[in-house]
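Got a structure for you, questions after.
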Amino acid sequence: MENTQTDLVRSLMLDANAAAGILDEIFATDVTACPVECANCGLTGPIGTLLAFTQAPGVVLRCPGCENVVLRIVQTPQAIYLDARGAAFVRLPRASG
Amino acid sequence: MAIHGKRNAIGEIEMKRSVDWQIASIKAIKQETHVVKTYTLALPDWSPHRPGQHYDLRLTAPDGYQAQRSYSIASEPERAGEIDLTVELIENGEVSSYLNEILVVGDQIELRGPIGGYFVWEVGMGGPLLLVAGGSGIVPLMSMLRHWAAAGARDPHNGKIPVRLLYSSRTPEDVIYFEELMKLRAECDGLEIFHTFTRQHPPDWDGYARRIDNQMLAEVAGPFGKSLLAYVCGPTQLVEAVANGLVQIGLAPQQVHTERFGPTGGDS
């Protein structure tokens, strides 16, 4: 049973390209090419390479290396919650380059 | 004040604005395979995309319930004012079944985009270009191919970037864009296409008839040496097998761009 559920969740897994729209809403720019470091294992790579689980009330983005949760996003009618405690950092380009 | 103004001016030039929702209308619908359709959408606020990007589609029920999905752009950015989205019908898929069964030409639909900056390729990024698709994972790669062909037609120098496409499908009937791919291969120098079939292949088929493996990757990618750019799109299993395989045959992980397309399930 557990295997079946795990297989189902994994078969629905996307990557963070699928969350680019909501990320764009939060950061007001595209961040899928921006580097993020996993706070658990230290792997650093583009946000777009995070594993995305979107078939839930929120979006969960996990590290492709250790699969720990890096970012969590929940939308309500009034607000967007971003839980980034799984990220050591996110590097965003400055507007002036 | 002066500094503030200057920063604004730079910001306007260099900062991309956040993408807003807009209402597009369905201009045409084309049946590609028994479960795949292409929707041509006319956009009031069109902007050129980077091949590989997608649009978010949002459906709102009368009670306010919303469902949202991302769909890759299939068309090339050279086609102004409209985009093609190619969508595979997912069994029990909330959004894809609405698109497949309900939408007709003239209907309106809410979307935002173009979105995404990681899984993109433009002729300016160079090559050689290795495209690996599983099932409907061909869609964003088709945008890259069409862009490559359009750029080559405009400036023959751009057409010199060699491209190889390895496309895995279950059966010949599942191949999306089959005729256009044949036409592109006939008309464009520098494009080679390799099909592999995992369930059923055409009679007299002497090409690949198995899941993509490292030997196949080495045969297809080999002539490009080690300096190629790879884009892999398909179901998770295929993407992981191909990405790992490309690294095992000697590419650096940074050369391999991946996008998981889902859920298609099974063995395309």
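In the text below, chain A, chain B and the rest are named by the order of the sequence lines, each starting its count at 1. Keep in mind it's a predicted model, so treat the numbers as computed, not measured.
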Verify, without hydrogens or angle tests, whether Thr33(B) (side chain) and Val35(B) (backbone) share a donor-acceptor contact under 3.5 angstrom. yes

Go through it in stages, so that I can follow the logic: the residues are Tyr118(B) and Asp30(A), the test is side-chain contact (heavy atoms from CB on, under 4.5 Å), and I'd like the CA-CA distance, side-chain angles, deciding distance and then a yes or no. CA-CA 9 Å; Tyr118(B) 164 67; Asp30(A) 183 84; over 6 Å; no

Check this for me, if you would: do Arg112(B) and Glu25(A) make a salt bridge, where the nitrogen-to-carboxylate-oxygen distance has to be below 4.0 angstrom? yes

Electrostatic pair Arg62(A)-Glu67(A), nearest N-O below 4.0 angstrom: no

Parallel, tilted or perpendicular: rings of Tyr231(B) and His257(B) (30°, 60°): parallel

Residues of residues 31-40 of chain A with a heavy atom under 4.5 Å from any heavy atom of chain B, in residue-number order, are Thr32(A), Ala33(A)

Go through the side-chain N and O atoms of Glu122(B) and His147(B) and say whether any donor and acceptor fall under 3.5 Å apart. no

When only pairs under 4.5 Å are counted, which of Gly21(A), Ala20(A), Pro64(A), Ala19(A) shares the most heavy-atom pairs with chain B? Gly21(A)

Tell me whether Arg50(B) forms a cation-pi arrangement with Trp121(B), defined as NZ or CZ under 6.0 Å from the six-membered ring centre and within 45 degrees of its axis. no

Would Thr38(B) and Asp84(B) count as having a side-chain donor-acceptor pair, cut-off 3.5 Å? no

Any chance CZ of Arg210(B) has more than 12 other-residue heavy atoms, nucleotides or ligands included, within less than 6.0 Å? yes

What parts of residues 76-87 of chain A touch chain B if we use heavy atoms and a cut-off under 4.5 Å? none

Which of residues 41-53 of chain A get closer than 4.5 angstrom to chain B, counting heavy atoms alone? Pro46(A), Gly48(A), Thr49(A), Leu51(A)

Does any N or O in the side chain of Arg146(B) come within less than 3.5 Å of the main-chain N or O of Ala74(B), such that one atom is a donor and the other an acceptor? yes

Atom group of Glu240(B) that falls short of 4.5 Å from chain A, counting heavy atoms: side chain

Please determine whether side-chain contact (heavy atoms from CB on, under 4.5 Å) holds for the pair His54(B) and Tyr71(B), giving the CA-CA distance in whole Å, both sets of side-chain angles, and the decisive distance to 0.1 Å. CA-CA 5 Å; His54(B) 65 262; Tyr71(B) 292 111; 5.8 Å; no

Check whether the side chains of Gln66(B) and Thr60(B) place a donor and an acceptor atom closer than 3.5 Å, and report yes or no. yes

Tell me yes or no: between the side chains of Gln22(B) and Asp45(B), is some donor less than 3.5 Å from an acceptor? no

Taking only residues two or more places apart in sequence, or in another chain, which ones meet Asp15(A) in a side chain to side chain contact (heavy atoms under 4.5 Å, CB included)? Asn17(A), Glu259(B), Arg260(B)

